[in-house]
Amino acid sequence: MATPLIERGHAPPRTLDGIEEQYLFYLVSGSVRKQAQHFYNCIFEPIFNIPLEQVCPPGLHITLGIFTKIFTLLEEFCHQLDLELAFHNNDDGQSSFCLYSQELQKLQMYTAEILEAKQSQQNLEEVATYMVLNLGESHHITMQFMQQSAERAQSVQQLEAKIAASTRAVKKGFLFNEGPFVKELDKALQGFGVHRQQYFGGAFVGNHVHAALKVFNINKLCTSILCAAREKLPHKAEIVENETVTFLNVFTLFAKCHAIYDNTFIDEANVEKLGTCIPYILV
């Protein structure tokens with residue numbers, strides 16, 4: 001069992017001297033691995049004898065990580081718009097999105113039809129029962145209503161089978177990158193020379209970020225979604241506009257941070273600039 005925090009206290013900040021000291025304590029105590037937690041897991045010497053304050057943070061990878069995080073949020077927003085669009089899409093193409101949309105709309109239609117069919121079947125059964133009690137089972141009018149009731153019951157079964165098939169198809173969903181809004185986003189990226197690494201999960205590289213964080217390209221990226229919404233989902237245009245403004249501001253603030261630490265010596269003035277921008281990004 002781990003030692004409770006109240007007993008062990010918070011670990012001191014990591015330093016090379018502290019790691020060395022805890023490692024020596026670990027050696028003196030007999031180097032028992034099970035006791036490593038008592039020495040802050042310092043069971044080996046530091047690999048490099050370089051003070052941590054002299055280690056340069058990997059700016060490129062930090063930039064890639066933050067940009068990818070923001071872009072993924074934007075891409076997920078586009079995917080949600082694609083899910084909304086699927087209810088209204090009239091394209092009869094063969095992409096996974098079009099097929100999903102067709103099945104989704106069929107499912108809506110079948111669901112409405114089966115409610116009506118079940119109500120009609122119930123009404124026919126009630127009338128047939130009334131006729132049996134008043135005219136007898138062999139009367140031609142009674143037999144007519146019984147036949148209609150049986151036919152309607154068969155229609156209900158057929159609709160249930162169709163609903164089950166469409167439900168299975170809808171559950172499969174569609175390929176993320178085949179949604180129209182996500183495709184618009186990728187089209188905007190390609191418009192300013194950003195071609196994501198298809199064989200590496202659509203990853204970005206350093207030059208992609210440099211291009212994408214230019215003011216003109218940020219505007220192009222965000223407005224591409226708004227233009228698509230005005231065309232494809234006009235009733236959602238205002239909501240989309242508010243969201244795209246938020247993403248535009250976040251990308252713009254991050255671009256300012258990137259410009260400071262990417263090619264500039266970070267003096268006190270630049271540190272203050274970063275301190276001004278970063279809190280707004282976090283909000």
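Remember, it's a predicted structure, so these values are computed and weren't measured experimentally. Sequential numbering from 1 along the given sequence is applied to the chain's residues.
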_Contacts of type ring-ring contact (aromatic ring centres under 6.0 Å, His included), residue His235, not counting sequence neighbours_ = His88
_For Phe204 and Phe71, I'd like to know if the aromatic rings sit close, meaning centre-to-centre distance below 6.0 Å._
yes
_Can a donor-acceptor pair be found, under 3.5 Å and without considering hydrogens, that links the side chain of Gln105 to the backbone of Asn89?_
yes
_Tell me if the CE atom of Met131 is crowded by more than 12 foreign heavy atoms within 6.0 Å._
yes
*Kindly write out the residues that satisfy side chain to side chain donor-acceptor pair (under 3.5 Å) with Gln102, not counting sequence neighbours, or none if the list is empty.*
none
*Verify whether the ring centers belonging to His79 and Phe181 lie closer than 6.0 Å.*
no
*Under the side chain to side chain donor-acceptor pair (under 3.5 Å) test, which residues partner Ser96, sequence neighbours left out?*
Glu178
_Taking side chain to side chain donor-acceptor pair (under 3.5 Å) as the definition, give me every residue that meets it alongside Gln119, ordered by chain and number, with sequence neighbours left out._
Asn123
_Glu231: which residues meet the side-chain contact (heavy atoms from CB on, under 4.5 Å) condition with it, sequence neighbours left out?_
none
_Results of ring-ring contact (aromatic ring centres under 6.0 Å, His included) for His38 - residues two or more places apart only_ = none
*Partner residues of Tyr100 under the ring-ring contact (aromatic ring centres under 6.0 Å, His included) criterion, sequence neighbours left out*: Phe174
Let me have the donor-acceptor pairs involving side chains of residues 20-34, under 3.5 Å, with sequence neighbours excluded, atom names and distances please.
unit_1 : atom_1 : unit_2 : atom_2 : d
Tyr26  : OH     : Ser31  : O      : 3.2
Ser29  : OG     : Phe25  : O      : 3.4
Ser29  : OG     : Tyr26  : O      : 2.8

*Determine whether the side chains of Glu84 and Gln80 contain a donor N or O and an acceptor N or O closer than 3.5 Å.*
no
Show me the side-chain donor-acceptor pairs of residues 159-170 shorter than 3.5 Å, one per line, residues at least two apart or across chains.
unit_1 : atom_1 : unit_2 : atom_2 : d
Ser166 : OG     : Glu103 : OE1    : 3.0
Ser166 : OG     : Lys162 : O      : 3.3
Thr167 : OG1    : Ile163 : O      : 2.6

*Output all residues satisfying salt bridge (Lys or Arg N to Asp or Glu O under 4.0 Å) with Glu75, sequence neighbours left out; order by chain, then residue number.*
Arg196
*asked:* Show every salt bridge (charged side-chain N to carboxylate O under 4.0 Å, His left out) that has at least one partner inside residues 137-156, sequence neighbours left out.
replied: none
*With sequence neighbours left out, which residue pairs that include part of residues 127-136 fulfil the salt bridge (charged side-chain N to carboxylate O under 4.0 Å, His left out) condition?*
none
